[in-house]
Amino acid sequence: MTAALRIGNASGFYGDRFDALREMLTGGELDVLTGDYLAELTMLILARDRLKDPSAGYARTFPRQLEECLGLAHERGVKIVTNAGGLNPAGLADAVRELAGRLGIPVRVAHVEGDDLTARHPGSLAAHAYLGGFGIAACLREGADVVVTGRVTDAALVTGPAAAHFGWANTEYDRLAGAVVAGHVLECGTQATGGNYAFFGERPPGDLLRPGFPLAELHEDGGSVITKHPGTGGFVDVGTVTAQLLYETGGARYAGPDVTARLDTVRLTREGPDRVRIDGVRGEAPPPTLKTGLNRLGGFRNEVVFVLTGLDIEAKAGLVKEQMGDALAKSPPAEVRWELARTDRADADTEESASALLRLVVRDPRQEAVGRVLSGAAVELALASYPGFHVVAPPGKGSAYGVFEDVYVPQGDVEHVAVLHDGRRIPVDAPHDTAVLDGVPEPALPEPLPPGPTRRAPLGLLAGARSGDKGGNANVGVWVRSADAWRWLAHELTVERLRELIPEAAGLPVTRHVLPRLRALNFLVEGILGEGVAAQARFDPQAKALGEWLRSRHLDIPEALL
């Protein structure tokens, strides 16, 4: 039997732990080390970098990380695969070659291109198709030691090395789907090893001070074991893997450019301390189109946060709203949003805990409509408004914000190319077989629990949750850890109940997906994030804490489960 391929992760986002690359290379055995640097917001940041400097557009921290680790990787025979190339993978590949030459390390650097569709979308700062893993596989099969990509799917950083190592064809859907699931678990780094975990309080605090990064032992049949290097912080269990599986996913069909993975077939088993086996994953032909992320400038925004202290909070808020409304009426911004956060409490023993925050956000295509107009109006109220008037910080002149949207293009319209260390260019064929993505019939629900006494309590006493953003939408995955809890959750947490518990979702399309093997429900809330994270339309613009808010809401829970 072919030995397992050990693939680690050393970055979940642009700005993740700088020394993780060294930690992973020195902490234990690896065959491949991946780094995920890209997100929707990151692409906008890199696009704005490129406006200032055409040679920019990639994650500038990556060459600095590699400077002290490239020799280590070469000595240990570890391949490095990363999407840190962002908008300029060829530029990053050249930077890595220059670094290797300067250090005297004989490595072969290849890159993948073809994702950049900006020229086809006038008005966008960046338009990039999400490519699959077979360009990476082509680079590795031709002997690359370092592979740099632009916008590939996060899981492609794992499917590419796996396809190269095991010799998978692009029609071996079950194997590819298993690698996609493993890649999805790894992609966000320490979120698979206890980071951002709903039940973090069940572990000694020291375990989570510095979680280790995850790795997957991937097998030829597509199965894997998720684990971490011995002696590193954090922990891996069925719960941490479940949480990451639900993160930023939707229904049972998880579509990608190489394969559509069936999340309703995933089976998780604890194999030992810090070891969770993933098997049973089934795959289907990928969809005929590729998702393409478009980033553009949406306009300008500004904000001011007023501090309201002590008594009469609502009346103070009403006064400043009316005063600011009169001032802004002279040149009204296109969008004006007020949010009052009642962080105050009665008879407080500190001034801060006696105070509420009133946040005003304005947006407009014109910078002048959100700049001096707002800042002048707010500052002029300093001696003429509610008692105790002050603001968290003076408003500035307004700043540009971005808008994200996704469109879909036929797979065959994108020129996916592996560019080798010697300059050769290998075209990567689009999938021959595709299947239009359809939903799956909702599975049968378990028998409900028999009637019994209940207690009003937070959902989070029983259920974990993880949430995240996809453009203007958010997903909230909710799971439980026992069969009886699942019998209750599957019937209790309906779309209607979710809308009650999260009033922001009341007027929005909400879809519930049932995943019995994970004892989980995954909700997609469309439009809750407006035009995406860069537009900052919401207090929590990436919906990272939406699941924790849901867990804090109270329901009538059977006492037998508490």
Side-chain angles (χ1 to χ4, degrees), residues 2-11 19-38 58-86 88-113 131-150 152 156-168 179 183 186 213 215-218 229 416-426 428:
T2 305
L5 178 69
R6 291 173 63 87
I7 304 179
N9 170 281
S11 177
D19 55 1
L21 208 65
R22 173 174 285 275
E23 291 175 16
M24 290 301 289
L25 287 170
T26 59
E29 292 185 10
L30 282 179
D31 299 303
V32 180
L33 184 56
T34 66
D36 179 11
Y37 289 76
L38 300 184
Y58 56 79
R60 292 191 177 275
T61 52
F62 179 71
R64 300 208 317 269
Q65 290 174 290
L66 204 58
E67 186 159 7
E68 62 177 41
C69 295
L70 187 58
L72 270 175
H74 178 64
E75 291 168 9
R76 295 170 183 237
V78 178
K79 307 284 188 179
I80 293 178
V81 179
T82 179
N83 61 15
N88 188 6
L92 180 54
D94 285 342
V96 174
R97 292 187 191 101
E98 187 278 329
L99 172 66
R102 178 160 50 84
L103 298 177
I105 302 171
V107 296
R108 290 163 292 192
V109 183
H111 73 274
V112 176
E113 61 184 40
L131 302 180
F134 279 93
I136 296 170
C139 293
L140 293 171
R141 284 169 177 158
E142 293 294 327
D145 302 299
V146 178
V147 181
V148 172
T149 78
V152 297
L157 301 177
V158 171
T159 59
H165 180 77
F166 295 116
W168 293 340
L186 295 188
F213 278 70
L215 64 92
E217 298 171 356
L218 201 62
H229 283 326
H416 188 177
V417 179
V419 184
L420 306 182
H421 61 281
D422 56 9
R424 284 181 294 141
R425 300 173 63 84
I426 300 179
V428 178

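Residues forming a salt bridge (Lys or Arg N to Asp or Glu O under 4.0 Å) with D31 (at least two apart in sequence, or on another chain): none. Under the side-chain contact (heavy atoms from CB on, under 4.5 Å) criterion, R60 pairs with Y14, D53, A56, Y58, not counting sequence neighbours. Under the salt bridge (Lys or Arg N to Asp or Glu O under 4.0 Å) criterion, R76 pairs with no residue at all, not counting sequence neighbours. In this view, F62 and Y37 satisfy the ring pair (Phe, Tyr, Trp, His ring centres under 6.0 Å) rule, not counting sequence neighbours. Every residue meeting the side-chain hydrogen bond (donor to acceptor under 3.5 Å, both in side chains) condition with N83, not counting sequence neighbours, appears here in chain and number order: D36. Partners of H229 under the side-chain contact (heavy atoms from CB on, under 4.5 Å) rule, at least two apart in sequence or in another chain, are R6, M24, L30, L215, T232. When the side-chain hydrogen bond (donor to acceptor under 3.5 Å, both in side chains) test is applied to R425, the partners found at least two apart in sequence or on another chain are E113. A163 is linked by a side-chain contact (heavy atoms from CB on, under 4.5 Å) to F134, A137, R141, W168, counting only residues two or more places apart in sequence or in another chain. In this structure E29 satisfies the side-chain hydrogen bond (donor to acceptor under 3.5 Å, both in side chains) test with no other residue, sequence neighbours excluded. By the side-chain contact (heavy atoms from CB on, under 4.5 Å) test, E68 is found to be paired with R22, residues two or more places apart in sequence or in another chain being considered.
Put simply, SG on C139 and CZ on R424 are 10.5 Å apart, with the number rounded to the nearest 0.5 Å. Considering NZ of K79 and CG of L140, their distance stands at 6.5 Å, rounded to 0.5 Å. Note that CG of L21 is 5.5 Å distant from CD of Q65, once rounded to the nearest 0.5 Å. Between I136 atom CD1 and L131 atom CG the span is 9.0 Å, to the nearest 0.5 Å. Taking CG from L70 and CG from L103, the interatomic distance works out to 6.5 Å, rounded to the nearest 0.5 Å.
Shortest non-hydrogen contact noted between V428 and G135 is CG2-CA, 3.7 Å. Taking all atoms of both residues into account, the shortest heavy-atom contact from A144 to A110 is CB-CB, 3.9 Å. Heavy-atom minimum distance, A162 versus L218: CB-CD2, 3.3 Å. Here the closest heavy-atom approach between residue A90 and residue H111 is recorded as CB-NE2, 3.6 Å. Taking each heavy atom of I7 and P161 in turn, the nearest pair found is CD1-CB, 4.2 Å.
L66 is listed as a side-chain neighbour of I80, based on a closest heavy-atom distance under 4.5 Å.
Sorted pairs that involve residues 64-83 and meet ring pair (Phe, Tyr, Trp, His ring centres under 6.0 Å), not counting sequence neighbours, are lacking altogether. Judged as a salt bridge (Lys or Arg N to Asp or Glu O under 4.0 Å), the pairs with a partner in residues 90-109 (not counting sequence neighbours) are, in order, E67-R102, D94-R97, E98-R102, R108-D145.
Remark: the backbone N or O of G8 is paired with a side-chain donor or acceptor of T34 at under 3.5 angstrom. Using a distance-only test at 3.5 Å, with no hydrogens or angles considered, no donor-acceptor pair links the side chain of S11 to the main chain of G35.
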